[in-house]
Amino acid sequence: MKDSTELIQFKGNFNQVNDKAVEMLNPPIYSGSTVVFDNYEDLSMANAGKYQGVCYGTDRLPTQRAFEEALNCLEGSTLTRAFQSGINAIQHALMAFTRAGDHILVVDNVYGPTARFCSKILSRYHIETTYVPSNIGADIENFIRSNTRLIFLESPGSNTFEIQDIPAITKLARSKDIITMLDNTWATPIYLKPLELDVDISIQSVTKYISGHSDLLMGAVSVNSIYAEQFDEYYRTMEIYASAHDSYLALRGLKTLGVRLKQHQQSALTIAQWLQTQDHVAQVIHPALAEHPQHSLWQRDFKGASGLFAFTLRAEITEQQIGQFIDSLQLFAVGYSWGGFKSLITAGKYRRNTASHYADTIIIRLNIGLEDYDDLITDLKQGFSLFKP
Ligand SMILES: *Cc1c(COP(=O)(O)O)cnc(C)c1O
C-alpha cells in the first residue's frame with residue numbers, strides 16, 4: 001500500500017485498548033459529516049428513511065443527543081432539540097407552529113430580537129403579531145382572536161423583569177387550543193419548570209446560565225407530549241443541528257448549573273438589597289424583592305432567582321453622569337449577554353409597544369457574576385461617589 005492510501009485507510013479509533021473499552025466519565029465529542037454504515041442493507045434502509053441509527057452529521061450526533069437528553073430531563077419535556085443560538089431556537093419554534101393567516105400574541109418585555117423577528121419576518125408570511133402588556137394574566141383573553149395560534153411569554157423579561165401570570169394564561173390557552181411558549185432563560189429549569197404550569201414549549205438561550213462561561217452560543221427548545229412529534233418532524237426537515245464542541249461544553253455547564261445559580265442568586269439579592277439603601281438609586285427591579293409589582297407571582301411559581309436584575313437612578317442624574325459611573329467601574333465589564341462568571345453592566349431605554357412606565361428612564365442592568373459580592377458592592381460604591389450628594 002502506498003503512503004497516500006495508507007494514510008486514508010488508517011483508523012484512529014482507540015476507544016478500545018487491549019480488549020478493554022476506554023470509558024470516559026464525559027462523553028466523547030462526535031463531530032463531522034459522514035457516518036459509516038455497516039453494510040448495503042443499512043444504506044438501503046437509510047435511503048428509504050427507515051434506518052434506526054444516525055445517518056449523517058445533521059442527524060443529531062451523539063454529543064448533541066447527550067446534551068438534549070440531559071436538558072430534556074431537567075425541563076420534564078418529551079423532546080428537546082438544540083440550536084446554534086438562543087435566538088435561532090426562538091425563531092424556529094415560532095416558525096414550526098405558525099402558518100399564513102395566523103395571529104400570535106407576544107409579551108411586550110420580550111427579548112428585542114424576538115420581537116424584531118415577529119415584526120420583520122413573520123409579517124412577510126402573513127402572520128400577525130399583537131404585543132400584550134408584560135404583566136398580563138387572565139386578561140390576555142381580551143386579545144385573543146379566532147385565528148390566534150400561539151402565545152409567546154418571557155417571564156421575567158430580561159430587561160424590565162415583569163412577570164406574567166403563567167397558570168392563568170395557560171389555562172385559557174389550553175381551553176382554546178392555543179400553543180404557549182415561554183423563554184425560560186432567566187430562571188432556567190432549575191428555578192422554573194414551565195411545562196409543570198402547562199406551558200407547551202420551554203425555550204432556553206443555552207448561551208447564558210446553562211453553558212455559564214460566555215464561551216459559546218447555543219439554544220434549546222423543550223416540547224411537551226402534545227407537540228413533540230410535530231416539532232421533531234420540523235427539526236428533521238429543516239436539518240438543523242448544533243455544534244458538537246458547543247454541545248459538549250453546554251453539557252459540562254449543566255453539571256455545575258445548580259451550584260452556580262445558588263451563588264448568583266445570593267450575590268445578586270445581596271447587591272439588590274444594598275442598592276435599595278443607596279440615595280442615588282430610584283428603583284431596584286428584582287422579582288425576589290417584596291417591592292417588585294409581581295413579587296407574589298414570582299413567589300408562587302418560581303423556586304429561585306438568578307443573577308440578572310436592574311435598577312434606575314434618580315431623575316436628576318444625567319445620561320452623561322450614568323456613562324461616567326459605568327466607565328468608572330473596575331469589576332463590571334460593559335457588554336451584552338449574561339449568565340456567565342463575570343459581572344457585566346449594560347444600560348438603555350426600553351420603549352415598548354404597549355404603555356411602559358420605564359419608557360423614558362435609563363435602566364441599568366447588572367449581570368452578577370461569581371466574584372465576591374463584597375468586592376462588587378465596593379466597586380459600585382466608588383462609582384456612586386462620582387455623584388455629588
Ligand atoms: C440572550 C437571550 C436570547 C438569545 O440568545 P442567544 O444565544 O444570544 O441568541 C434569548 N432570550 C433571552 C431572554 C436572552 O437573554
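Both ligands and their constituent atoms are indexed starting at 1 by order of listing.
Within the cation-pi definition used here (under 6.0 Å to the ring centroid, within 45° of the axis), Lys208 qualifies as a partner of Tyr111.
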Give one line per pair: atom of ligand 1, protein atom, distance. Only N/O to N/O under 3.5 Å.
from: ligand 1; atom 1: 5 (O); to: Ser205; atom 2: OG; distance (Å): 2.8
from: ligand 1; atom 1: 7 (O); to: Gly86; atom 2: N; distance (Å): 2.7
from: ligand 1; atom 1: 7 (O); to: Ser205; atom 2: OG; distance (Å): 3.1
from: ligand 1; atom 1: 7 (O); to: Thr207; atom 2: OG1; distance (Å): 2.5
from: ligand 1; atom 1: 9 (O); to: Gly86; atom 2: N; distance (Å): 3.2
from: ligand 1; atom 1: 9 (O); to: Ile87; atom 2: N; distance (Å): 2.9
from: ligand 1; atom 1: 11 (N); to: Asp183; atom 2: OD2; distance (Å): 2.6
from: ligand 1; atom 1: 15 (O); to: Lys208; atom 2: NZ; distance (Å): 2.6
from: ligand 1; atom 1: 15 (O); to: Trp338; atom 2: NE1; distance (Å): 3.1

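Panel note: side chain Thr5, backbone Met1; no donor-acceptor pair is recorded below 3.5 Å. Asp108 places no side-chain N or O within donor-acceptor distance of the main-chain N or O of Tyr131, the cut-off being under 3.5 Å. Between the Asp102 side chain and the Glu128 main chain, no donor and acceptor come within less than 3.5 Å of each other.
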Pairs under 3.5 angstrom only: tabulate donor-acceptor contacts from the side chains of residues 25-40 to other protein residues two or more places apart or in another chain.
from: Asn39; atom 1: OD1; to: Glu41; atom 2: N; distance (Å): 3.3
from: Asn39; atom 1: OD1; to: Asp42; atom 2: N; distance (Å): 2.9

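Judged purely by distance below 3.5 Å, without hydrogens or angles, the side chains of Glu75 and Ser202 pair a donor atom with an acceptor atom.
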